[in-house]
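Okay, so here's the structure we're looking at.
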Amino acid sequence: MIEISTSILTVEKEKATKTFYDLEVAGTDYYHIDIMDGKFVEKDTREMMYEYASTIKHISNIPLDVHFMVEDIKENINKYIPLSPSIITFHYEACKNDEEVIELINYIKENNIKPAISIKPGTDLESIKKFLPMLHMVLIMTVEPGKGGQKLIPETVAKTKELKKYLEENNLETYIEVDGGVNKDTINMVKEAGIDIAVAGSAIINAKDFKQEIKELKYC
Ligand code: DX5
Ligand code: ZN
């Protein structure tokens, strides 16, 4: 069975605390926190996401799944360490070289957080293969990072399958997460590709009944 990580990117401020509470009751496995810096992607969600993540820490024990779409990765990691996220994901494309990737993985681990790397739809698997044994998870972007509510790009499902095959062939236990455009129409495609965690934002946040939506995504 897969786990569901709910992206809170589109949660409205006025309803935020109640929404976070309702998501816990509905059985989300993680809160997915999308941090954008206005440089790696156009939007800047740093302030709002920090406020949301801090609120969640006060009211819930459900783990935080932090997704950094930022250029200054270390600076942002430092901001989130006090919130003890379960997983920190950063983008391969935001790193200068392989040494920086390895340094960041180690830094995240030293702080007792699980490290993950994300790749954009246009980035090849080949570029991250060497890091897989050091990683807890790979986040395959199934849309271009930057905003919620987009359509899943079908080619990214083939890439997800290829990653699953590679992990199995090499006896690696790295998790696979997909992010973007996951809903009831696309969930089976990504499940068949062998994922462990699906991020869903608008599909859950716009649903009338969070619990029913999460249940359907998990079990359908
Ligand atoms: C996109 C974000 C995603 C996104 C998911 O840059 O990383 O987490 O908000 O939202 P939906 O499920 O609406 O595509
Ligand atoms: Zn995300």
Side-chain angles (χ1 to χ4, degrees), residues 2-13 16 19-20 23 26 28-46 48-50 52-53 56 62-71 73 76-77 80 85-94 113-123 136-157 159-160 175-191 193 195-208 210 213-214 216-218 220:
I2 64 153
E3 291 186 306
I4 299 292
S5 186
T6 307
S7 166
I8 57 161
L9 184 61
T10 59
V11 170
E12 290 165 39
K13 247 190 178 151
T19 304
F20 303 149
L23 285 169
T28 190
D29 295 295
Y30 300 88
Y31 295 97
H32 182 84
I33 317 290
D34 284 309
I35 297 124
M36 307 177 185
D37 65 352
K39 288 191 274 186
F40 185 73
V41 291
E42 227 175 281
K43 271 197 203 166
D44 187 346
T45 64
R46 283 172 297 179
M48 190 174 80
M49 286 300 126
Y50 190 72
Y52 282 8
I56 290 169
I62 305 284
L64 299 183
D65 168 27
V66 170
H67 178 195
F68 285 124
M69 288 161 273
V70 303
E71 276 179 9
I73 301 166
N76 282 282
I77 292 174
Y80 275 78
S86 172
I87 306 168
I88 285 186
T89 301
F90 62 91
H91 270 267
Y92 172 73
E93 299 88 355
I113 301 165
K114 297 177 187 126
I117 286 184
S118 180
I119 49 173
K120 300 204 275 185
T123 304
H136 169 68
M137 187 177 87
V138 173
L139 188 169
I140 303 270
M141 284 306 300
T142 38
V143 298
E144 285 300 335
K147 56 176 191 277
Q150 304 181 73
K151 271 214 166 95
L152 181 141
I153 301 167
E155 289 76 23
T156 60
V157 179
K159 182 156 81 176
T160 308
Y175 277 40
I176 305 176
E177 180 174 60
V178 288
D179 183 8
V182 173
N183 54 41
K184 275 182 273 189
D185 297 328
T186 55
I187 189 75
N188 281 323
M189 249 196 291
V190 290
K191 272 186 190 169
I195 61 158
D196 302 282
I197 308 176
V199 175
S202 44
I204 296 172
I205 302 303
N206 297 340
K208 274 209 193 75
F210 292 168
E213 188 68 24
I214 290 174
E216 283 179 36
L217 290 172
K218 273 191 158 182
C220 74

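First listed ligand is number 1; within each ligand, the first listed atom is number 1. Hydrogens, waters and symmetry mates are skipped; everything else that's a heavy atom, side chains included, is used.
Counted by atom type alone, Asp34 and His32 present one or more donor-acceptor pairs between their side chains at under 3.5 Å. In summary, the side chains of Thr156 and Thr142 do not present any donor paired with an acceptor at a separation below 3.5 Å, with no hydrogens or angles considered.
For the Zn ion (ligand 2), the count of nearby protein N/O/S atoms, taking only those under 2.8 Å, is 4.
Those atoms of ligand 1 with a heavy atom of His67 less than 4.0 angstrom away are 7 (O).
Judged by distance alone, with hydrogens and angles left aside, the side-chain atoms of Asp29 form a donor-acceptor pair with the main-chain N or O of Ile4 at under 3.5 Å. Using a distance-only test at 3.5 Å, with no hydrogens or angles considered, no donor-acceptor pair links the side chain of Glu213 to the main chain of Lys208. A donor-acceptor pair is defined here as one N or O able to donate and one able to accept, closer than 3.5 Å; such a pair exists between the side chain of Lys191 and the backbone of Leu217.
Of all the heavy atoms of Lys147, the ones lying under 4.0 Å from any atom of ligand 1 belong exclusively to the backbone. Looking at Ala200 against ligand 1, only its backbone comes within 4.0 Å, counting heavy atoms.
Shown here for Lys147 and Lys43, the closest heavy-atom pair between the two residues is CB-NZ, 3.9 Å.
Of the listed residues (Asp196, Ile197, Ile2), just one forms a side chain to side chain contact (heavy atoms under 4.5 Å, CB included) with Ile176, and that residue is Asp196.
Looking from atom 14 (O) of ligand 1 to the surrounding protein, the closest heavy atom is Gly181 N, 2.8 Å. Regarding atom 13 (O) of ligand 1, its nearest protein heavy-atom neighbour is Ser202 OG, 2.5 Å. If you check which protein heavy atom lies closest to atom 4 (C) of ligand 1, you get Asp179 OD1, 3.8 Å.
The CD1 atom of Ile117 lies 9.5 Å from the CD atom of Glu93; values are rounded to the nearest 0.5 Å. One distance of note links CD1 of Ile33 with CD1 of Ile88; it measures 11.0 Å at 0.5 Å rounding.
Taking the six-membered ring where the residue is Trp, the centroids of Tyr31 and Tyr52 are separated by 6.0 Å or more. Residues His91 and Phe40 bring their aromatic ring centres within 6.0 Å.
The shortest heavy-atom distance from Ala203 to ligand 1 is not under 4.0 Å.
Ligand 1 has no nitrogen or oxygen under 3.5 angstrom from a nitrogen or oxygen of Val143. Taking only nitrogen or oxygen atoms, main chain and side chain alike, Gly146 reaches within less than 3.5 Å of ligand 1. Looking at Asp34 next to ligand 1, an N or O pair under 3.5 Å apart turns up.
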